[in-house]
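Note that the coordinates shown come from a computational prediction; the quantities given were computed from them, not determined experimentally.
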There are 2 protein chains.
Amino acid sequence: MTAPLHLANPLGDRSSVSQKTFAVMECIGSSGRPLTVSEIAVLLDMPTPTVHRIVHQLEMDGLLVQEAGSRGYVPGPRLFNFALNVFQTAVRHGSKHAILERLSAATGETCNFGIISGGALLYADRVEASWPFGLRYEVGSRVPLHCTSMGKMLLAHQPKRRREHLLSLSDLHAYTDTTMTEIPALEEQFAQIRTQGYSVDNQEFLAGVICAAVPVRDVRGKVCAAVAVSAPQARMPMSVAVQHVPRLLAAAEEISATWAMDEAEEGEDVHARI
Amino acid sequence: MTAPLHLANPLGDRSSVSQKTFAVMECIGSSGRPLTVSEIAVLLDMPTPTVHRIVHQLEMDGLLVQEAGSRGYVPGPRLFNFALNVFQTAVRHGSKHAILERLSAATGETCNFGIISGGALLYADRVEASWPFGLRYEVGSRVPLHCTSMGKMLLAHQPKRRREHLLSLSDLHAYTDTTMTEIPALEEQFAQIRTQGYSVDNQEFLAGVICAAVPVRDVRGKVCAAVAVSAPQARMPMSVAVQHVPRLLAAAEEISATWAMDEAEEGEDVHARI
DNA sequence: CTTCATATTATCAAAATCCGGAATGAAATT
DNA sequence: AATTTCATTCCGGATTTTGATAATATGAAG
């Protein structure tokens with residue numbers, strides 16, 4: 001429970017069966033070729049009997065099939081079908097991504113869209129600037145809430161109760177010497193964030209990296225996500241970051257608008273759609 | 001172990017955690033809209049706490065995310081990425097499908113590609129004839145081995161040991177009055193199938209349905225899959241079905257040829273590809 | 001603002017599953 | 001035929017899973 005959430009789990013935990021099972025499917029999916037039981041065992045560093053059990057189960061479920069002739073396994077029909085369905089729901093995702101791309105083009109920097117997920121900030125979408133810049137926090141990564149611009153923005157707009165809960169899950173680790181680790185100081189900043197309408201990260205998580213974030217509101221006006229721009233200080237000092245805020249706000253507004261459209265499509269009974 | 005495999009499990013067993021977990025993901029994927037914990041519980045007929053636990057775990061793993069604002073969950077970035085990978089491996093699958101389409105056009109009937117999977121015959125691919133014909137065994141379905149043309153073809157070419165094992169798993173259920181349920185009679189037919197190079201199903205599984213199948217061989221010449229044509233007897237009496245055999249053989253040969261191409265691409269160290 | 005109905009999340013002891021080393025069996029390679 | 005590699009089965013101890021119950025949060029209605 002007091003899990004070390006510091007950074008994103010790079011390949012996922014593997015403590016539960018489900019996690020191991022998904023890891024096996026992911027492994028086969030990303031390799032793009034038939035994999036044998038023992039190859040999977042090596043790639044995932046798991047005991048052979050365990051992999052065998054999982055693969056066998058997945059075969060019984062129609063999720064994997066043995067490539068005709070060879071000994072390797074490939075995604076089965078049911079998995080293709082599942083992948084297709086997941087993909088079709090991506091249209092919603094699409095319009096948001098396009099907005100981020102325009103924002104990135106306008107600012108010339110990397111732009112992110114984040115939400116709170118699992119007690120941390122999840123990079124739900126991102127568009128990289130074309131600049132050569134080593135640091136890569138990919139989509140799906142999780143970063144701490146208390147020392148990132150999007151994290152602080154979202155914390156600032158949580159109900160007090162939930163904010164306290166979220167902060168209690170964190171150890172408020174000091175990643176750099178500007179990281180804020182005291183709750184009173186953070187609360188003071190949250191108030192300021194609510195007033196000024198944007199938040200910044202002045203190298204509080206990664207030395208040399210500056211970010212600025214604005215809130216994204218849902219149909220009812222509640223803050224539910226954030227949009228941010230990030231870049232090395234050398235290229236984007238704080239004064240420049242702040243100048244991007246109006247553009248960020250415009251993009252956030254556009255994203256909110258896409259949700260209003262979604263809303264119109266819905267409204268049926270649960271059973272009607274399946 | 002003595003599982004009733006008669007027909008395909010329509011929505012999959014749900015005895016293990018992994019199966020339940022996948023069912024939850026599948027449910028969200030196929031609904032195409034955000035689903036809440038309790039909606040999922042209703043749809044899958046599972047206890048709410050169980051669904052809650054699974055969803056929470058999936059959220060932690062980055063596979064699901066809570067749709068900004070709402071309480072419903074949608075596929076997360078990691079799941080999109082996975083779906084993309086699974087899809088990319090479909091190109092390989094693609095060439096086989098094109099061959100089946102040509103075969104279906106040439107014969108004017110529904111054509112299938114099947115393999116043995118999980119002790120039954122799995123429809124790994126199929127192309128439907130445009131004729132109006134109610135019966136639909138979709139891709140991913142499993143049918144018995146002992147009373148289908150593809151099943152008998154594949155059984156006939158298994159090593160004796162494995163064939164005995166596969167038959168022992170089956171209860172040799174009599175689906176129609178032409179179904180063969182005696183091992184000696186089946187063995188006799190297997191010998192005939194090996195000699196004549198094709199197998200037929202004379203309404204042994206479904207009354208009124210005729211099928212003919214030929215073997216597909218892997219690079220080393222071993223039989224590893226089957227191609228079949230099927231249609232209602234009214235349209236395709238046995239005499240007509242047998243006339244399609246040369247076309248079937250040609251298609252099987254084409255499919256084998258695509259594997260020879262695959263083979264050329266492979267041959268690297270396991271670690272090189274991930 | 002308070003109350004009520006509904007949905008979500010936490011708890012916990014019993015029960016079932018999972019685990020993986022070791023042994024065995026099958027198949028490819030030399 | 002011998003050798004090596006890979007796949008599969010076994011099995012009892014350890015860990016996880018389970019789901020009824022209860023506490024809590026949310027949102028609507030009064």
Phosphate OP1/OP2 of dT18(D): any Lys20(B) side-chain N/O under 4.0 Å: yes
Nucleotide dA7(D), atom P - distance to CG of Leu58(A) in whole Å: 16 Å
Under 4.0 angstrom between Arg53(B) side-chain N/O and dA10(C) OP1 or OP2: no
Answer with base, sugar-phosphate or nothing: what part of the nucleic acid does Arg161(B) contact at a heavy-atom distance below 4.0 Å? sugar-phosphate
Please compare Val17(A) and Val37(A) by the position of their nearest nucleotide in DNA chain D and report the one closer to 5'. Val37(A)
Quick check on dT18(D): is either OP1 or OP2 less than 4.0 Å from any side-chain nitrogen or oxygen of Thr50(B)? no
How many whole angstroms separate atom CD of Gln66(B) from atom P of dA7(C)? 16 Å
Result for 5'-nearest mapping on DNA chain D, choosing between Thr36(A) and Ser16(B), is Thr36(A)
Glu59(A) CD - dT8(D) C1' separation (whole Å): 13 Å
Between Arg33(A) and Glu67(A), is the closest basic N to carboxylate O distance under 4.0 Å? no
Euclidean distance, atom CE of residue Met46(A) to atom P of dT8(D) [Å, nearest integer]: 15 Å
Could you check Tyr73(B) against Pro159(B) and say which one's nearest nucleotide on DNA chain C is further toward the 5' end? Tyr73(B)
Regarding Pro47(B), tell me which of base, sugar-phosphate or nothing describes its non-hydrogen contacts under 4.0 Å with the strands shown. sugar-phosphate
Between CD of Gln57(A) and P of dT8(D) the distance, given in whole Å, is 15 Å
Separation of Ile54(A) atom CD1 from dT8(D) atom C1', in whole Å? 15 Å
Between Gln19(B) (CD) and dT17(D) (C1'), how many Å, whole number? 14 Å
So for atom CD, which belongs to Glu188(A), do other residues, nucleotides or ligands contribute more than 12 heavy atoms lying within a distance under 6.0 Å? no
When you measure from the centre of the six-membered ring of Phe190(B), is the NZ or CZ of Lys152(B) under 6.0 Å away and within 45° of the axis? no
Shortest side-chain distance from Arg71(B), nucleotide among dG19(D), dA7(C), dT8(D): dA7(C)
Would you say Ser38(B) places a side-chain N or O within less than 4.0 Å of OP1 or OP2 belonging to dT8(C)? yes
Check the phosphate of dT8(C) against His52(B), side-chain N and O only, distance under 4.0 Å to OP1 or OP2. Yes or no? no
Interatomic distance, His56(A) NE2 vs dC18(C) C1' [rounded to whole Å]: 16 Å
For the residue pair Ser16(A) and Gln19(A), confirm or rule out a side-chain donor-acceptor distance under 3.5 Å. yes
Ignoring hydrogens and geometry, is there a side-chain-to-backbone donor-acceptor pair from Arg217(B) to Lys222(B) under 3.5 Å? no
